[in-house]
> 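My questions will all concern the structure given below.
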Amino acid sequence: MIKLGIIGWRGIVGNVFINRIKYSNLYKNCKLFLFSTNKFLNKNIYFAFNIKILFNMNIIVCCQGSDYTKKILTLLIIKKWKGYWIDASSCLRMKNYNELILDPLNKKKLLFSLKKNKIYSGSNCTVSLCLLSLINLFKLNLIEWIISSSYQAISGAGYFLIKKIINEINYLKNKNYNFLKFEKDNKINFKNIPILLNAIPWIDKKVSFGQTKEEWKSQSEASKILNKKVYIDSNCVRISSLRCHSQFFLIKLKKEISLNEFYNIINNNYIKIIKNNDFFTKKFLNPFYICGKLKIFLGRIRKNSINKKIFNLFSIGDQLLWGAAEPIKRFLEIIFDYLI
């Protein structure tokens with residue numbers, strides 16, 4: 001029986017991940033250990049800083065965050081732990097010893113790595129959603145470059161921000177405010193900037209060329225997953241939708257193809273294409289409708305009016321599913337098949 005430890009299972013990603021594995025065959029082949037950083041535990045929850053218990057795990061899935069990973073994984077490596085570490089945070093993604101998980105695109109690479117590699121990470125949520133949306137274009141090597149703008153839900157910033165916003169809405173909803181007063185009394189901040197009823201075109205720290213780290217990940221992580229250089233330039237915006245990340249793409253192809261050919265190529269098992277008209281776009285292509293759905297929705301597909309090799313496309317996917325929990329759950333199934 002495989003000993004599977006899950007850390008950070010009460011957080012946003014961890015909670016979604018737990019719900020996903022409940023409906024898989026993983027439960028039949030593992031003994032599940034839940035870990036918490038809270039010292040006040042019941043008898044079924046283990047302390048997440050107990051290295052002795054962690055050392056006995058065959059697989060650890062960590063959704064606790066970068067600070068925890070840096071500390072605990074280092075201690076386990078020093079003690080020559082032999083298990084598999086699967087991480088949901090960003091701190092390990094670009095390390096040479098770490099493999100990024102997105103099996104629809106790199107399953108062969110992941111299978112080959114299982115014999116020698118023990119450390120894996122889920123990729124950035126917008127990267128996963130982008131690559132799955134355009135998987136066939138990448139496989140056919142049709143893409144010259146991509147320019148993207150992402151509109152990222154507040155759940156991407158963690159549960160604490162969600163809780164603050166919900167509490168503020170509950171507090172304000174019974175107040176007799178006019179529009180302007182409601183706007184000015186908004187006290188919910190994200191990095192000291194109001195986020196409720198707002199948009200912030202800056203996520204994470206600055207890296208180079210005026211990019212933020214969140215924007216830099218688009219090209220760097222995609223290139224690592226695909227094992228080749230791809231050209232993606234992006235701008236990332238935090239908005240106050242609760243769940244689901246939206247992305248607008250300008251996709252420059254290496255050759256001119258018809259709109260019907262483009263539709264036929266991009267269609268795959270991970271997406272649902274929405275007709276580019278008023279009714280279907282408004283009804284189906286929005287975060288509220290797509291929340292909780294495993295499919296990534298693509299719409300507003302058309303040829304660009306400036307260059308016929310460029311296509312416009314708008315996508316929305318639940319970043320807590322295919323952007324986070326689902327790739328890890330699927331990779332666990334791969335490891336289980338390998339170990340059993």
Side-chain angles (χ1 to χ4, degrees), residues 13 17 61-63 66 69 84-148 150 152 156 204 207 211-234 236 245 247 249 251-254 265-266 268-271 294 296 298 313 315 317-335 338:
V13 173
F17 171 71
V61 174
C62 182
C63 306
S66 295
T69 292
Y84 289 93
W85 182 278
I86 307 173
D87 205 80
S89 74
S90 64
C91 65
L92 302 175
R93 289 176 185 158
M94 298 308 294
K95 302 293 185 183
N96 291 332
Y97 55 78
N98 179 73
E99 292 288 352
L100 290 178
I101 298 164
L102 195 60
D103 70 278
L105 287 110
N106 65 348
K107 186 174 182 178
K108 288 183 179 179
K109 185 180 179 183
L110 293 173
L111 287 169
F112 180 78
S113 73
L114 287 174
K115 294 180 181 179
K116 59 179 181 178
N117 194 63
K118 298 289 186 179
I119 301 174
Y120 297 84
S121 293
S123 66
N124 175 265
C125 46
T126 55
V127 173
S128 297
L129 294 171
C130 168
L131 294 183
L132 287 168
S133 298
L134 308 177
I135 184 172
N136 291 336
L137 292 174
F138 283 110
K139 286 183 175 180
L140 294 172
N141 197 29
L142 285 173
I143 296 174
E144 185 172 327
W145 51 253
I146 297 172
I147 296 174
S148 72
S150 65
Q152 301 189 22
D204 215 330
V207 285
Q211 279 189 322
T212 67
K213 189 176 181 181
E214 184 73 9
E215 292 157 355
W216 169 82
K217 293 172 186 176
S218 297
Q219 179 168 299
S220 58
E221 292 189 20
S223 296
K224 185 172 182 178
I225 290 169
L226 296 170
N227 202 29
K228 65 178 181 179
K229 183 77 170 183
V230 294
Y231 296 94
I232 304 175
D233 198 355
S234 65
C236 298
H245 288 353
Q247 296 184 83
F249 298 107
I251 306 165
K252 173 72 180 297
L253 301 184
K254 294 178 179 179
I265 290 171
I266 65 170
N268 66 65
N269 292 331
Y270 309 106
I271 69 168
L294 202 56
I296 303 165
L298 275 60
L313 185 152
S315 79
D318 192 325
Q319 92 285 3
L320 299 178
L321 288 170
W322 261 119
E326 188 65 12
I328 295 176
K329 173 250 181 184
R330 288 169 61 103
F331 182 58
L332 266 184
E333 293 172 333
I334 292 172
I335 297 180
Y338 175 74

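Numbering starts at 1 and runs along the sequence shown.
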> Might you point out which heavy atoms bring P104 and R330 nearest each other, and give the distance in Å?
CG-NH2, 3.9 Å

> If you define the side chain from C-beta out and look only at heavy atoms, does anything of V207 sit under 4.5 Å from E215?
no

> Please answer whether the main-chain N or O of Y120 pairs with a side-chain N or O of Y84 as donor and acceptor at a distance below 3.5 Å.
no

> Below 4.5 Å, heavy atoms only, C-beta onward: do D103 and F331 meet side chain to side chain?
no

> Mind jotting down which residue pairs meet the side-chain hydrogen bond (donor to acceptor under 3.5 Å, both in side chains) criterion with at least one end in residues 125-138? Sequence neighbours excluded, please.
S123-S128, N124-T126

> Do L114 and I334 pass the side chain to side chain contact (heavy atoms under 4.5 Å, CB included) test, and can you show the C-alpha distance, the side-chain angles, and the key distance before you say yes or no?
CA-CA 9 Å; L114 287 174; I334 292 172; 4.0 Å; yes

> Could you check if a side-chain atom of N227 sits within less than 4.5 angstrom of a side-chain atom of N106, using non-hydrogen atoms only?
no

> With rounding to the nearest 0.5 angstrom, report the CG to CZ distance, L313 to F249.
7.0 Å

> Decide yes or no for L226 and L105: does some side-chain heavy atom of the first lie under 4.5 Å from some side-chain heavy atom of the second?
yes

> Below 4.5 Å, heavy atoms only, C-beta onward: do V230 and I143 meet side chain to side chain?
no

> Is any side-chain heavy atom of Y231 closer than 4.5 Å to a side-chain heavy atom of E144?
no

> Could you tell me whether the side chain of K95 reaches within less than 4.5 Å of the side chain of I119, counting heavy atoms only?
no

> Taking atom types as modelled and ignoring hydrogens, do the side chains of E214 and T212 form a donor-acceptor contact shorter than 3.5 angstrom?
no

> Once salt bridge (Lys or Arg N to Asp or Glu O under 4.0 Å) is applied, what residue pairs with a partner in residues 107-118 remain, sequence neighbours excluded?
E99-K109

> Salt-bridged, E221 to K224, with N to O below 4.0 Å?
no

> Just wondering, do F138 and I146 contact through their side chains at under 4.5 Å, heavy atoms?
yes

> Please determine which of I251, L134, I265 meets the side chain to side chain contact (heavy atoms under 4.5 Å, CB included) test together with L142.
I265

> Taking I232's backbone N and O only, do any of them form a donor-acceptor pair with Q219's side chain (distance below 3.5 Å, no angle check)?
yes

> Using every non-hydrogen atom in the two residues, find where S315 and L298 come nearest and quote the distance to one decimal.
CB-CD1, 3.9 Å

